[in-house]
Amino acid sequence: MEVSKNFDFTAAEAKWYRHWLQNKYFESTPDEREPYTVVIPPPNVTGILHMGHCLNNTIQDILVRRARMMGKNACWVPGTDHASIATEAKVVQMLRERGIQKASLSRDEFLQYAWEWKEKYGGIILQQLKKLGCSLDWNRTSFTMDPDYYKSVIYVFNDLYSKGYIYRGKRMINWDPRAKTALSDEEVIFKEVQGKLYFLRYQLEDSNGTLIPLEQESITIATVRPETILGDAAIAVNPDDERYKHLIGCHAIVPLINRRIPIIADDYVATDFGSGALKITPAHDMNDNQIGKKHNLDVFDVLNEDGTMSLDAQLYVGMDRFDARKEIVVALKDAGHVVKIEDYTHQVGFSERTDVVVEPRLSLQWWVDMKKISSPALSAVKDGEINFHPAKFKNLYRHWMENIKDWCISRQLWWGHQIPAWYDAEGRFVVAMDESDAKKKFSENFGITNPSLKQDEDCLDTWFSSWLWPFEVFKGISNPGNKDVAYYYPTNSLVTAPEIIFFWVARMIMAGYEYTGKKPFSDVYFTGIVRDSQGRKMSKQLGNSPDLLGMIDDIGADAVRFGILIASPAGNDLLWDKASNEQGRNFINKIWNALKLIQLWKERAKENLSVEESTLTTNWPHDWFESRLREVSTEVDVLMDHFKLSEALKTLYTLIWDDFCSWYLEWIKPGFEKPIDAKHLEKAIVFFELLMEKLHPFLPFVTEEVYHLLRDKQEVDICVKQVDPTFKFRESDRIILNQAEILKSAITAIRDARVKSGIKNKEGIAVFGTVKDKEVWTSIQELLCKQVNAISFEYTNDPIQDTIQLVIGGDRFYLKSDQEIDTSAQRKELEAEISYYQGFLDSVEKKLSNERFVQNAKPEVVELERKKQADAMEKIKMLQESIANLG
RNA sequence: GGAACAUUAGCUCAGUUGGUUUAGAGCAUUACUUUGACAGAGUAGGGGUCACUGGUUCGAGCCCAGUAUGUUCCA
């Protein structure tokens, strides 16, 4: 069959993905086989494919394809999560473009637009995964707001509430004034900001309650947020601070609004920061809030939910917080309260979603009491029931779980699962499955029949639905005990990013034990973070994320998969560079060229070659390559079992490029325009097929294409081919593998000598050997001669004059050619070798002359050193003789 | 401020319980080769006080302590 010059990945990728889908290879239903289940970490429904997804999903696809080929019933479940904040932002933006204000819509109207948006643009990412070759069971595509899934989330809320694990409480939270929503700590990004530190002096009262003139004595505080002084409730000083000891118990006056506030003592205050006096603003700072609670201070909430100043501020009411800051500084200056203003660099929290400065704010929120459900999840990882790869994340997990904090699960958004709490006009509430259930509970709890109820406006944190993912994709809650969940759950491997170990992984483990009594998965593989070649995280702002789909179009999905994986050492961040794609493309090109060679041979294959036609009389190359293939298969299995995917791919890369192409194919290659023995060709094809089989999980498209081109008719597709589990390394393989090492080093050494002596490739040489083990050399001499263009190979006991002398292993060789031998170059070469071995020998002898070493070291270690010594001495002796022979 | 992890060739990394040929791989680099599957190639080479300082040991890239630097997480 005619084969194109290069692999046409565009055509092959489309063809094979369609073919695999048509044959339903990715679809799974429960049967008698062992399942292998992976659930995809659901990407945002708003998302588009980026490098992180590429890495993550390539890894999952490799695991799943490998399991499928190993005879397991592989099931990889796709889906998306509704990403409440991100999606709502997109919808609001769409509405704005149409000139619609969100505030002008009812909740139902807004949700209609949101669903419209989701149907139209949502889930593009799933289509993109097909381009990457992902073998997902598309029939099982799930969404966290599917009707059953939605109901399960509501059920879980009810259940946890009835168990007393969910409570409602006023707490200091991170508030996003643009999205008008609470954020979890994890959604706040701290950035270094150039700000100002304002030193402000407050007027004091003396112990009799008389105002002291500002010029006479005052107390100076330092703040970066002068507008919040309107919410001051106290000034705190360190009890040991001599400067302020006399003021403790006195009062100060908040400038501009003349509020009288106490001066209190608290050892939280650092004496060496700012002025040593700390203003306490309980409504607007996490630490101040705690101090406020401790000292029973009043709370003045001076900000509205949109970040403007509130009525309680008394001044600048309705003005944005940053404008108010500018104005109040002017007013304070005018009133003589500003002592100095310094430049100050500090960490400020920004909203991950809207990038506005986050406000610490008091708010009534729903919380999960995490301590009540975390303990099985902690011990599961500690005891190794769930294994983390790499294991270092175990520590991190343990630390977080042991210091776990309550989880704020309410979000001030409409897109998501609406909190199932109903209130009456007097603020009484019940948690229920739906409104009629709520009415029933109102009558039970409060004796009220047919109350007028209003459901909580807020919806739940997205993670509160995605923590059910591993079992609810199989309807484990909505249809408990069904045949799918019984078969596929617990799942096998989860592949995700370490960034969401707490957001998601830990919570899935908790939910798994809480709702199924079982772990959700056995292994968690944490990928690295994809960074650019300068080590920066990829981000939209930096514009350093490559266009993944464009890359797939340019270079092919296989090359992209290779590129990302080869750069991805287990558990480390990876510095991704476009060059690694090219390495992938080159590798595919290499495979393609090997295919072309095989096709060329097919045209010239013959049975029963005559002696003149035959250029290979031994089966040694086939025996060797089989042993080598067995060895590597076993190595790769071990690496894969330890999730060392990058190394497994490197191992296969070397096997194909070096062992198969550079050695094996060269060894069996017929002479120029000579025929090849059909039985040799058949062997090569079988090996090529096995190589494609091993490589298929990594590079699915090119392997399927090559596999089908190797024979006119393949019985099965490689995608679903079952590997032979008995094809493994055997102890007996060692002999021939060792012989091959000797052969390779002999070829390399002789080629090197030829180059150094300027012997042209075309010029034949005669090889003479003085060897210890003739049997070994006899089995490989045909190949040796072929590879170094030797016209003869003879054994000799005596030195041969006027030859190039080599010591290979413990054997001596003489190369004879018509070329004149440059003895001085030879001598230099040999002397360099001697000095290397002499240095080596010295270090060994130093050890052996140390009596304590000989006494204390294990006998086999001493024995080994003696052998090293003997080997080195013999080598040196042979090299010296070679020099002597040069004359 | 606290904690975890890391530091090995120009870059990215291996290096399994301390001894296995005076440290290995890929990429990059240098020289040479070139009508024969493949220049997207082949052959050969150069390149490292294993961050630093001590300690344990007959013996340390590996174990221990400290220092420095970096990354991440938590305050």
Side-chain angles (χ1 to χ4, degrees), chain A residues 3 5-6 185-186 190 270 286-287 347 390-400 403 405 498-499 501-502 528-529 531 533-535 537 555 559 566-577 579-580 582-601 638-639 642 644 646-647 649-651 653-654 657-658 661-662 665-666 669-674 747-749 751-756 758 760-761 835-844 846-858 860-865 867-869 871-872 875:
Chain A
V3 173
K5 183 169 184 293
N6 293 107
D185 291 348
E186 288 82 359
F190 284 90
M286 304 270 179
N287 295 312
Q347 299 279 317
K392 66 178 176 184
F393 289 109
K394 217 168 142 170
N395 278 337
L396 187 67
Y397 179 85
R398 202 194 59 222
H399 188 256
W400 189 78
N403 300 287
K405 291 180 201 143
E499 299 159 302
I501 183 170
F502 308 128
I529 297 165
R531 297 169 182 278
S533 53
Q534 293 164 51
K537 262 184 161 177
I555 204 164
I566 206 75
S568 171
N572 286 344
D573 287 357
L574 56 122
L575 304 187
W576 185 86
D577 192 19
S580 57
E582 281 155 27
Q583 198 186 342
R585 179 201 57 193
N586 293 356
F587 180 45
I588 289 161
N589 186 244
K590 188 75 185 175
I591 294 169
W592 197 253
N593 276 301
L595 172 72
K596 274 157 66 181
L597 180 64
I598 296 283
Q599 303 297 65
L600 200 71
W601 288 352
V638 171
L639 290 170
H642 291 91
K644 296 193 169 177
S646 188
E647 281 183 57
L649 178 57
K650 271 179 201 153
T651 305
Y653 175 85
T654 307
W657 199 303
D658 294 345
C661 295
S662 298
L665 291 179
E666 291 299 332
K669 187 187 256 181
F672 184 49
E673 297 200 326
K674 289 229 172 128
I747 293 170
T748 303
R751 280 181 181 165
D752 191 29
R754 288 183 60 123
V755 170
K756 284 188 172 128
K760 291 239 162 7
N761 284 351
S835 95
Y836 171 86
Y837 282 104
Q838 193 60 56
F840 174 66
L841 182 62
D842 289 348
S843 79
V844 173
K846 210 170 114 196
K847 257 190 222 176
L848 284 169
S849 63
N850 182 339
E851 267 179 51
R852 284 187 298 181
F853 169 72
V854 180
Q855 279 167 12
N856 293 330
K858 280 180 275 177
E860 57 266 35
V861 172
V862 177
E863 198 43 52
L864 188 72
E865 291 301 316
K867 187 169 183 310
K868 284 198 227 169
Q869 181 190 30
D871 287 353
K875 187 91 182 182

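Below, chain A is the first sequence line, B the second, and so on; all start at residue 1.
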Touch check for [X], heavy atoms < 4.0 angstrom, all strands: base, sugar-phosphate only, or nothing?
X         : result
Thr748(A) : sugar-phosphate
Asp871(A) : base
Ala857(A) : base
Arg751(A) : sugar-phosphate
Tyr837(A) : nothing

List for me each residue that meets side-chain contact (heavy atoms from CB on, under 4.5 Å) alongside Lys5(A), sequence neighbours excluded, and say none if there are none.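 Partners of Lys5(A) under the side-chain contact (heavy atoms from CB on, under 4.5 Å) test: Lys596(A).
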Taking atom [atom1] in both [N] and [M], what distance in whole Å separates the two?
N      : M      : atom1 : value
A6(B)  : C50(B) : C1'   : 14 Å
C58(B) : U71(B) : P     : 41 Å
G18(B) : A60(B) : C1'   : 6 Å
C62(B) : A23(B) : C1'   : 12 Å
U30(B) : U69(B) : C1'   : 33 Å
G48(B) : A9(B)  : C1'   : 5 Å
A28(B) : U12(B) : C1'   : 11 Å
A51(B) : G61(B) : P     : 10 Å

Taking the side chain of [X] as heavy atoms from C-beta outward, which of [options] is closest to it?
X         : options                : result
Arg852(A) : G26(B), C58(B), G40(B) : C58(B)
Asp752(A) : A44(B), C58(B), A37(B) : A44(B)
Lys847(A) : A44(B), U20(B), C38(B) : U20(B)
Trp657(A) : G40(B), G19(B), A41(B) : A41(B)
Asn6(A)   : G40(B), A44(B), G19(B) : G40(B)
Leu597(A) : C58(B), U21(B), A37(B) : A37(B)

Do Lys650(A) and Glu647(A) meet the salt-bridge criterion of a basic N to acidic O distance under 4.0 Å?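 Salt bridge: no.
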Could you tell me which residues satisfy side chain to side chain donor-acceptor pair (under 3.5 Å) with Asp752(A), sequence neighbours excluded, listed by chain and number?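 Side chain to side chain donor-acceptor pair (under 3.5 Å) check on Asp752(A) returns Lys756(A).
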Specify whether Tyr837(A) and Phe840(A) have parallel, tilted or perpendicular ring planes, treating 30° as the upper limit for parallel and 60° as the lower limit for perpendicular.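 Rings of Tyr837(A) and Phe840(A): perpendicular, over 60°.
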So what's the dot-bracket for RNA chain B: Watson-Crick or G-U pairs under 3.5 Å, [ ] if a pair crosses, | if it pairs off-strand? (((((((..((((.....[....)))).(((((.......))))).....(((((..]....)))))))))))).
Base of A28(B), side chain of Gln583(A) - is there a donor-acceptor contact under 3.5 Å?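 Counting by modelled atom types and ignoring angles, no donor-acceptor contact under 3.5 Å is found here.
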State whether the side chain of Ser662(A) and the backbone N or O of Trp657(A) hold a donor-acceptor pair below 3.5 Å, judged by distance alone.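 Pair found, side chain donor or acceptor close to backbone of Trp657(A).
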Exam field: side chain Asn589(A) to backbone Arg585(A), donor-acceptor pair closer than 3.5 Å: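 Not a single qualifying donor-acceptor pair exists.
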How many whole angstroms separate atom CD1 of Ile566(A) from atom C1' of A14(B)?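 The distance from CD1 of Ile566(A) to C1' of A14(B) comes to 13 Å, rounded to the nearest Å.
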